[in-house]
2 protein chains.
Amino acid sequence: MAGHVTGDAAPAATGRKVHLRVQRIRPAYQQIADELRTQIVSGQLGSGDRLPSEPELCKAFGVSRSTIREALRVLASQNLVETRRGATGGSFVSTPDPERSVAALGASLGILVDTPRLHLDDLLEARLLLEPMAARLAAERADTDTISAVLAAADSPRQPSDPRSFSGHFDFHSTILMATGNLLFTMMGQPVADVLRTRLHRAEVVSSAEWDQANESHRVIAQHIAAGDPAAAEQEMRNHLNDLRPLYQRAGSW
Amino acid sequence: MAGHVTGDAAPAATGRKVHLRVQRIRPAYQQIADELRTQIVSGQLGSGDRLPSEPELCKAFGVSRSTIREALRVLASQNLVETRRGATGGSFVSTPDPERSVAALGASLGILVDTPRLHLDDLLEARLLLEPMAARLAAERADTDTISAVLAAADSPRQPSDPRSFSGHFDFHSTILMATGNLLFTMMGQPVADVLRTRLHRAEVVSSAEWDQANESHRVIAQHIAAGDPAAAEQEMRNHLNDLRPLYQRAGSW
DNA sequence: CGACTTCATTATGTCAGACATATGACCGTT
DNA sequence: AACGGTCATATGTCTGACATAATGAAGTCG
């Protein structure tokens, strides 16, 4: 049948008990997605490059247009391509976007945290590793623009009831993560912070006094960063996160 | 037209210049995927639950089967569902799988590291934050089974030319990350380690003597963990990673 | 000559219907 | 109880058609 794109993938010929389902042939749409992904990841197709049109891909792979479309859906939802309609439409290779990775990891953590594999304490522990170090690096590295951004973020206090807090600009912790100058801090720290924030927001267990105290800690941390004092910035961030711990644990018990 | 699942999403009525393309209606397959994703992420549909069959989803959403199938492709490639053919087939909500998140993050990092946004030094810096702390936590927490695994991993030296190194069992660094008992260490550390290992493997710049030295460090770290000495395990891991730094930087200049 | 409108072209989005194939349950036979 | 065959069910793939979005070219008007 035309849809059988490649030959069989025989199951592992071993004596050990394996849990894989014996499925000889991957669906054609999956194989086509795999082939196109390989071209993208290897650099054969670069950011902004346009894939052949759907009819052209049909000819190239010898399959129907609905099979091609399913393959493109796979790639698009993995943020490898994006499609546009119209005369200049088509599927274009996406620009690498860390924000999407952050969102995807955050979604995974959000699901995992409600299973026995991941606990709130694990998130708090990881945060306690990342964010004090982030504050330290920010104090060491931040240029004047970055320092301005950190100070501004500390000066815009937020509470869950304030819708402006979540619209348009990063909050204080995000700004610190970015101020490290190392994108990995954001990619690792942001998903953790997002899950924790969502949980706190949902639980509605933080008093105004507690918010005021948190905002004050933000200001102190920002001032240490502005003053170029890494040790103080790190220590203050660690104290701040330790102070927050009971709030998260209170939220976690709901 | 039947495919228009919901009304228009009007563009933001603001004076500020926005870069979003004015696309009033999200495709139906995207809207359907969003709706099903919400049911999964919110817990309305749990792991193992079967979604309605394709014809049933057609009736429920009032769209064609190819539109439904495209929506299912979106969810499946985001690891939210998996489909099986046959009489007991259908689409089933996936069990949360951190390995897939690790793979996805690793793929993102692998792409990003070749852009100006992420450098090899950033990966090394993140690793230098995570893995010494992982060694420390492993020394504090590991039970006898975990200690056995760490010792065994240290005792199976590996080189890039040895295909057995990469088949079936975790390497030493992975074992340390898991030995923390905090899944986040694996989810954050493994992708970084994988990108670095791939780069080192590809560059083929490590001599046998350097491998021997690395293996020796592994044994020393494992012994500190077995002895329950967190400070020594952390310091030795930090020293080990610092020793490796020139190898990665050599690989990075190719 | 610039602005505006119209239209053609191109590409994706969606549909209906059909057929292929995988898969497990069920039933009859040994 | 085991095995083989059959059947129902569900997904995989296909074909052909039409809808619709989006862009650029061409013509018109002031």
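We name chains A, B, ... by the order of the sequence lines, and we start the count at 1 in each one. Worth saying up front: this structure is predicted, and the values here are computed from it rather than measured.
- Partners of A/Ser47 according to the side chain to side chain contact (heavy atoms under 4.5 Å, CB included) rule, which considers only residues two or more places apart in sequence or in another chain, are A/Thr95, A/Pro96.
- Taking atom NZ of B/Lys59 as the reference point, atom P of C/dA16 lies 13 Å away to the nearest angstrom.
- To the nearest 0.5 angstrom, B/Leu36 atom CG is 7.5 Å from B/Leu45 atom CG.
- Looking at A/Ser148 and A/Asp145, their side chains never bring a donor and an acceptor atom within 3.5 Å of each other.
- One can place CD1 of B/Ile32 at 12 Å from C1' of C/dG13, the figure rounded to the nearest angstrom.
- Going from atom CG of A/Leu177 over to atom CG of A/Asn182 covers 10.5 Å, rounded to the nearest 0.5 Å.
- If you measure from atom CD of B/Glu70 to atom C1' of C/dA16, you get 15 Å, rounded to the nearest angstrom.
- Spacing between atom CG of B/Leu51 and atom P of D/dT9 amounts to 20 Å, rounded to whole angstrom units.
- Nucleic acid contact for B/Thr67: sugar-phosphate only, since backbone atoms but no base atoms lie under 4.0 Å from a heavy atom of the residue.
- Listed candidates were C/dT12, D/dT11, D/dC14. Nearest to the side chain of B/Thr83 is D/dT11.
- Atom CZ of A/Arg73 and atom P of D/dT13 are 16 Å apart (whole Å).
- Regarding contacts with the backbone of D/dG12, a side-chain N or O of A/Tyr29 is found under 4.0 angstrom from either OP1 or OP2.
- Figure legend: cation-pi geometry between B/Arg199 and B/Tyr248 absent, as NZ or CZ is not positioned both under 6.0 Å from the six-membered ring centre and within 45° of its axis.
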What one-letter contact string describes nucleotides 6-11 of chain C from 5' to 3', where B marks a base within less than 4.0 Å of any protein heavy atom, S marks contact via sugar-phosphate atoms alone, and - marks no contact? ---BBB

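- Spacing between atom CD1 of A/Ile68 and atom C1' of C/dT12 amounts to 14 Å, rounded to whole angstrom units.
- Listed pair A/Arg69 / C/dG13 meets the phosphate criterion, a side-chain N or O lying under 4.0 Å from OP1 or OP2.
- In the set D/dT13, D/dC14, C/dT14, D/dC14 carries the atom at the smallest distance from any side-chain atom of A/Val63.
- Side-chain contact, B/Glu35 with B/Gln31: no donor N or O sits under 3.5 Å from an acceptor N or O.
- Judged by atom type and distance alone, A/Arg65 reaches the base of C/dT14 through a side-chain donor-acceptor pair under 3.5 Å.
- A/Ser77 and B/Ser77 share a donor-acceptor pair across their side chains, judged by distance under 3.5 Å alone.
- Atom C1' of nucleotide C/dT14 and atom CG of A/Leu72 are separated by 15 Å, given to the nearest angstrom.
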